[in-house]
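Here the structure comes first, spelled out in structure tokens, and everything after it is commentary.
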Protein chains: 2
Amino acid sequence: MERPAAGEGTGRRAGLDRDDVVAAALDLIEQGGAAALSMRKLAAELGVTTNTIYWHVGGRDELLVAAIERLSRDLAAQPVRGRSPRERVLAVARRAWDNAFEHRRATALAHEIGATSLLGLPLEVALAEELEAAGLRGEAVRDALRAILMCTAGFLVVALRRHEEIAPHLRSEVLWADVPADVDPETRAALQAPPDVAALFEATLRSVVASHVPAAPDDPDIPGGPP
Amino acid sequence: MERPAAGEGTGRRAGLDRDDVVAAALDLIEQGGAAALSMRKLAAELGVTTNTIYWHVGGRDELLVAAIERLSRDLAAQPVRGRSPRERVLAVARRAWDNAFEHRRATALAHEIGATSLLGLPLEVALAEELEAAGLRGEAVRDALRAILMCTAGFLVVALRRHEEIAPHLRSEVLWADVPADVDPETRAALQAPPDVAALFEATLRSVVASHVPAAPDDPDIPGGPP
DNA sequence: ACCTGAACACCGTTCAAGT
DNA sequence: ACCTGAACACCGTTCAAGT
């Protein structure tokens, strides 16, 4: 990863532009999370001084936003499939889910710095278009879009933190072993096992989408699985 | 906030115990968020050296967990009201919502360090008890509980970041002004206005709860508002 | 225009020492 | 048992200067 120096001493060109810096930053983030991105580490990776980063993109906050923006562009323009509008709406939400898993560190960072909307904008656009194709307009599109994405965010927040990252004594399943609660032993045992978050997400998503998006002739009336 | 020194020089007693330190830490967090809590600032607040904090509670990570744990205990033991089990289930979720708003900085911190479950454990217990009162057992309790809380988390994540904290150019409503999208002007206009997150939460919550919890004789069949 | 050197004001953490 | 002094290895950011 070391760049060959273009020269020695002060004022020598390193041949970088803003995009190189942002790309390297995104790389560090995807590998080690936001904590792994320090101005000094990034500068070392690029073979320059921290000031070079300030020159090309600005301070750390701007750098983080730029990295999320770059990832957003990389993820845009994936086509959406599905036989009915409702199915395509579901497909967009599932794509949000999949993208978040594939880029979990960047997703977590985006949330931390309040740039979730920036990262998810292409999917918001796709979702709005499919909701219109399903017959919604105006505020109905907005409310359906927000409800779907907020639900997705909630399940994601939990799913992304699955076991590796979280200390054992902070996990709900572990906490339930000792907490005093007036529940059936069978219930307590169930609460000590991790839930199938993906399945719960799919079921909840189907009911939320069904409550906002009218069914096409070939959609099943009761939210179930597609054949 | 300055403590009168119990003496001068090294080795003098400051009269602190672990609880004093954790309480002061929680105070700093609730005022300025996790970023406002540095070991040095907290030590200064208490009139001691940083090492005193290490002695009483340990490093920064342990301190943050201890602060969340303390808040969790403070928030426990609030009784739940409602005429039917389903109404009481809804009431617990609304309490989670209200608590998060009242303690937004601590809630954000709990999420950052993966201690959301620790903070919410008393509410998880209350929710499990009410779900059993509604007739659920075992895995049905767990799945309903997780679905309800993950939904709540998703809407909260968005609602808590409402306008003050987030830079204008990162807000979805602002981004929608310029993004290319093949949607009706009316739809685009709606997407440029902030949604009523609380109302969307209430509606979505009702449908999620209804899908897991059987209705009591006096519950309305179709999710609407209680009289 | 692009980059370096050096410094400032912060961090969390540790070690030895004091009473 | 409880606390301090001093140091280490980090941070982000800024200023003047070099080519």
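Lettering of chains follows the sequences in order, A, B, ..., and the numbering in each one begins at 1.
A:His56 has a side-chain polar atom (N or O) that falls below the 4.0 Å cut-off from OP1 or OP2 of C:dC3. Between B:Ser38 and C:dC11, a side-chain N or O to OP1/OP2 separation shorter than 4.0 Å is present. Applying the 4.0 Å criterion to OP1 and OP2 of C:dT4, one finds that A:Thr52 has a side-chain N or O inside that range.
Within the structure, every pair that satisfies the ring-ring contact (aromatic ring centres under 6.0 Å, His included) test and touches residues 102-127 of chain A, not counting sequence neighbours, is listed here: A:His111-B:His111.
Counting non-hydrogen atoms under 4.0 angstrom, A:Leu37 reaches the backbone sugars and phosphates but no base.
In this structure, A:Asp61 places its CG atom 11 Å from P of D:dT14, rounding to the nearest Å. Rounded to a whole Å, the CH2 atom of B:Trp55 is 17 Å from the P atom of C:dG18. C:dT13 atom C1' lies 4 Å from atom OH of B:Tyr54, rounded to whole Å. B:Leu42 has its CG atom 12 Å from the P atom of C:dC11, to the nearest Å. Per the geometry, CG belonging to A:Asp17 stands 16 Å off P belonging to C:dA1, to the nearest Å. Rounded to whole angstrom, the span from the CZ atom of A:Arg60 across to the P atom of C:dC10 amounts to 18 Å. Rounding to whole angstrom units, CG of residue B:Asn51 and P of C:dA16 are separated by 13 Å. Counting to the nearest Å, the C1' atom of C:dT4 and the CG atom of A:Leu46 are 15 Å from each other.
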**Item:** Secondary-structure notation, DNA chain C, from Watson-Crick and G-U pairs under 3.5 angstrom (| other strand)
**Value:** ||.|||||...|||||.||

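Counting all heavy atoms, side chain and backbone alike, B:Leu109 lies closest to B:Leu64 at CD2-CD2, 3.9 Å. The minimum heavy-atom distance between B:Thr187 and A:Gly138, with the atom names listed, is OG1-N, 2.9 Å.
A salt bridge links B:Arg146 with B:Glu124: the distance from a Lys NZ or Arg NE/NH1/NH2 to an Asp or Glu carboxylate oxygen falls below 4.0 Å. Salt-bridge annotation for A:Glu45 and A:Lys41: absent, with no side-chain N of the basic residue lying under 4.0 Å from a carboxylate O of the acidic one.
Between the B:Arg161 side chain and the B:Ile166 main chain, no donor and acceptor come within less than 3.5 Å of each other.
A residue-by-residue look at A:Thr49 and A:Arg40 shows that A:Thr49 has its nearest nucleotide of DNA chain C further toward the 5' end.
Classified by interplanar angle (parallel below 30°, tilted 30° to 60°, perpendicular above 60°), the ring pair B:Trp97/B:Phe201 is parallel.
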